[in-house]
Protein chains: 2
Amino acid sequence: MFNKPATLKKIAKALNISVSTVSRALHDHPSIGQITKMRVKQKAIELSYEPNQAAIHFQKGKSYTIGVILPELSESFFSAAISGIEDTAYQKGYTVLFAQSHDDEEKEKNLVEKMKNQRVDGLLVSISKKTSTYEHFEMLKKQSIPVVFFDRIPPIKNIHYVNCNIETGTFDAVNFLLKKGHRSIGLLNGTVSLHATSERKEGYIKAMVKNRLKFDPTLVINCDLTEEGTINAMDSLLKNKRKPTAIVTFNDYVALYAIRYARSLNILINDDIDFVSYANLPIINYIDNAPLASVEQFPYLQGQKATEILIDLLNRTNDELDVEQAYYRITVDSRLIINDRMIKYNLADPITNP
Amino acid sequence: MFNKPATLKKIAKALNISVSTVSRALHDHPSIGQITKMRVKQKAIELSYEPNQAAIHFQKGKSYTIGVILPELSESFFSAAISGIEDTAYQKGYTVLFAQSHDDEEKEKNLVEKMKNQRVDGLLVSISKKTSTYEHFEMLKKQSIPVVFFDRIPPIKNIHYVNCNIETGTFDAVNFLLKKGHRSIGLLNGTVSLHATSERKEGYIKAMVKNRLKFDPTLVINCDLTEEGTINAMDSLLKNKRKPTAIVTFNDYVALYAIRYARSLNILINDDIDFVSYANLPIINYIDNAPLASVEQFPYLQGQKATEILIDLLNRTNDELDVEQAYYRITVDSRLIINDRMIKYNLADPITNP
DNA sequence: AAAAATGAGACAAACGTTTGCACAAAAACT
DNA sequence: AGTTTTTGTGCAAACGTTTGTCTCATTTTT
């Protein structure tokens with residue numbers, strides 16, 4: 001019952017000129033006269049012309065769409081990251097097609113396959129926890145589909161990525177606690193298999209060394225990140241001869257478990273023991289007995305950077321990509337954020353969260 | 001640097017048959033002989049043919065893409081909803097293009113505009129809080145682009161929607177508390193301008209009436225949902241002559257504020273006063289002094305249903321849509337979930353109700 | 001044995017856009 | 001004045017797929 005959208009042809013017919021002239025006029029092609037351009041643009045508005053994207057995609061062989069594969073949207077880290085991706089992509093005229101792997105390697109492979117064929121120009125990927133093979137990514141390179149990894153990076157060579165340096169934030173966190181006067185600081189770390197675990201440890205050690213304190217390995221406990229594991233780790237820390245007066249926990253969940261357990265032992269949170277964690281739960285600012293401070297990993301920024309890189313890659317020719325075997329490797333420094341409900345001490349360095 | 005993807009033409013050439021035959025063979029068209037079909041399919045695999053989606057979209061004038069506009073992905077309600085949307089859409093061969101309005105009416109309008117022109121076949125929308133005009137949606141109808149609204153429904157006629165009946169869950173919640181022996185139950189409600197506020201009140205009243213108790217309006221306090229507002233509302237409830245022994249709060253944030261304030265007054269949570277809330281923070285199960293139970297609004301299910309409706313709509317002809325002026329109006333009943341300290345995932349049917 | 005029906009495949013147009021090339025008219029040079 | 005250059009515009013092909021129509025050979029019917 002209604003008018004189908006206007007096409008170039010309709011404009012051409014209405015103005016009695018050729019389709020190609022219309023096309024060029026709308027693109028401000030130099031070989032079209034000013035008067036004609038005006039007339040065409042006028043008519044385009046009049047007929048409320050909108051270019052048929054499908055036709056353009058088809059014609060150009062590009063979809064102006066970038067695929068995003070990430071583990072879990074419900075993790076606030078990723079929902080923040082995708083906001084950064086979305087904003088940046090839209091701003092540059094790209095649209096975003098996303099999907100969740102739910103930390104399943106098989107699903108991840110299927111998604112790569114699905115996104116691959118003629119659908120997306122490039123891919124942004126944060127790999128699943130369980131992914132152990134990487135052929136599905138290697139294959140993309142053969143087909144000249146650029147991929148930028150973010151946050152969770154696969155251990156393969158010659159890739160573009162954006163990630164976060166956990167070490168710096170950890171260093172700041174430990175430093176912060178040392179400046180507060182703590183001398184025995186526990187690190188409730190993750191499992192050894194995680195890269196994030198060793199990064200935290202490195203930052204911890206560096207802060208100790210920097211402050212001319214000797215590193216006590218018994219104050220660093222690995223844990224499987226479950227509530228039970230956390231309780232065991234806490235027990236071990238509390239039994240330490242140098243019982244810690246401050247604890248840095250691997251993430252907010254661990255912090256919550258640890259704090260709950262500590263309270264059950266009548267330990268006063270952020271009094272008997274200060275806690276510092278890593279920012280992954282936005283709600284942490286709302287609850288009682290939350291950690292004093294968090295190490296922020298800037299998911300929005302990571303998403304933004306990764307998207308910028310990908311779009312830059314997309315705007316190069318295949319030749320350029322083949323020739324310059326240069327790979328983007330951007331690392332965002334994590335940073336300590338003081339939980340502002342808890343500010344009692346005036347520190348110059350760390351930033352506070354609104 | 002290597003092989004461009006195979007096309008129908010390549011297969012045709014390799015087999016010395018026509019393109020149309022190849023196309024029909026791959027679609028199992030009856031007018032193609034079995035032997036030819038076999039040969040074609042064989043060759044397709046051999047050349048690892050994948051249909052060029054852009055060409056198909058162009059040719060068919062459909063994108064097989066549905067647009068999703070929602071306020072905030074970082075709200076866990078919406079991230080769960082989009083999981084439901086995504087899963088359902090992918091399963092039916094559609095892809096999802098989403099964007100956030102960040103509760104900004106102007107942005108929402110722009111997004112509708114962006115999604116509209118030849119990009120998406122249909123739209124799934126949860127409107128922004130600030131949206132007060134609806135022409136941008138009315139216009140879609142003129143252009144035969146179907147829209148299904150979910151959760152946040154605009155107050156206009158003749159639309160398809162999926163939403164959640166808050167009343168039922170509220171009824172259950174109050175009933176649950178009454179069964180537990182409470183006789184004075186407070187309702188810490190939202191502002192009167194919100195539809196959700198009156199729904200909660202209705203459920204509350206119905207549960208009272210059903211149990212042959214008379215409704216005491218002084219036990220229902222409206223509040224602006226800020227921490228300050230919550231504290232004032234709590235004061236008012238605690239000063240009530242029939243000081244409530246249980247409180248139903250508008251949402252989890254309000255619950256956290258109320259609980260924190262109550263604890264500061266040395267009130268024992270879920271002992272002196274029982275709390276029940278509405279599920280919007282997944283983390284609520286991790287913290288101490290959390291509400292006893294939550295009213296679940298099934299975001300995943302809502303997303304799923306809305307997508308199913310939309311795809312059903314897309315598979316009809318415009319004529320059909322014009323003729324049958326029938327509108328889908330699906331309401332999911334909310335339901336009371338007892339907090340059992342277990343992690344809730346984004347599953348379709350997460351009910352662990354005793 | 002001739003006519004009709006069926007089966008299998010080919011041809012060509014169409015979708016809307018971009019872009020290399022041709023070509024005319026006007027303007028700028030000898 | 002004639003030649004070249006510039007400026008503005010049209011023509012047509014191309015992208016990959018789908019689909020209505022047409023052709024031809026084979027089989028069935030009479």
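All chains are named by letter (A, B, ...) in the order of the sequence lines, taking the proteins before the strands, and each is independently numbered beginning at 1.
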Between A:Q302 (side chain) and A:A81 (backbone), is there a donor-acceptor pair under 3.5 Å? no
With a 4.0 Å cut-off on heavy atoms, is A:I32 in touch with a base, just the backbone sugar-phosphate, or nothing at all? base
Output the single nucleotide from C:dT17, D:dG16, C:dA8 whose closest atom is nearest the side chain of A:N52. C:dT17
side-chain N/O A:S23 vs C:dT18 OP1/OP2, d < 4.0 Å: yes
With a 4.0 Å cut-off on heavy atoms, is A:T7 in touch with a base, just the backbone sugar-phosphate, or nothing at all? sugar-phosphate
Between B:K60 and B:K37, whichever has its closest DNA chain C nucleotide further toward 5' is B:K37
For the base of D:dG8, is there a side-chain donor-acceptor partner from A:R24 under 3.5 Å away? no
Report yes if at least one side-chain N or O of B:S18 is closer than 4.0 Å to OP1 or OP2 of C:dA10; otherwise report no. yes
Look at atom NZ of A:K9 and say whether more than 12 heavy atoms of other residues, nucleotides or ligands are closer to it than 6.0 Å. no
Take A:K9 and A:S20, find for each the nucleotide of DNA chain C with the closest heavy atom, and name the residue whose nucleotide sits nearer the 5' end. A:K9
Without decimals, in angstroms, what is the distance between B:K62 NZ and D:dT19 P? 12 Å
Between C:dC11 atom C1' and B:L8 atom CG, what is the distance in whole Å? 15 Å
Applying the ring pair (Phe, Tyr, Trp, His ring centres under 6.0 Å) test to B:F149, which of B:Y161, B:Y134, B:F137 qualifies? B:F137
Kindly confirm whether the side-chain ring of B:F58 is stacked on the base of D:dT17, judged by centres under 5.5 Å and planes under 30°. no
What integer distance in Å separates B:E50:CD from D:dG16:P? 15 Å
Rounded to whole Å, how long is the line connecting atom CD of B:Q59 with atom C1' of D:dT17? 5 Å
Grab the CG-C1' distance between A:D28 and C:dT18 for me, whole Å please. 16 Å
For the pair made of CD1 in B:I17 and P in C:dG7, what is the distance, rounded to whole Å? 20 Å
Tell me, which pairs form a salt bridge (Lys or Arg N to Asp or Glu O under 4.0 Å) where one or both residues lie in residues 27-40 of chain A, sequence neighbours left out? A:D28-A:K37, A:D28-A:K41
Respond yes when some side-chain nitrogen or oxygen of A:S31 is under 4.0 Å from OP1 or OP2 of D:dT9, and no when none is. no
Using a 4.0 Å heavy-atom cut-off, does B:G33 contact any base of the nucleic acid, only the sugar-phosphate backbone, or nothing at all? sugar-phosphate
Whole Å only: how far is the CD atom of A:Q53 from the P atom of C:dC15? 19 Å
Counting only Watson-Crick and G-U wobble pairs with both atom distances below 3.5 Å, the stems of 3 or more consecutive pairs that include DNA chain D are C:1-30 with D:1-30
Tell me yes or no: between the side chains of B:S83 and A:Q100, is some donor less than 3.5 Å from an acceptor? yes
Taking atom types as modelled, is there a side-chain donor on A:D312 or A:Y328 under 3.5 Å from an acceptor on the other? yes
Take atom CE of B:M38 and atom P of C:dA8, then tell me their distance rounded to the nearest Å. 14 Å
Atom pair CD1 (B:I127) and CD1 (B:I69), whose distance is rounded to the nearest 0.5 Å: 11.5 Å
Apply side chain to side chain contact (heavy atoms under 4.5 Å, CB included) to residues B:Q304 and B:L301 and explain how you reach the verdict. CA-CA 5 Å; B:Q304 201 173 23; B:L301 185 64; 3.5 Å; yes
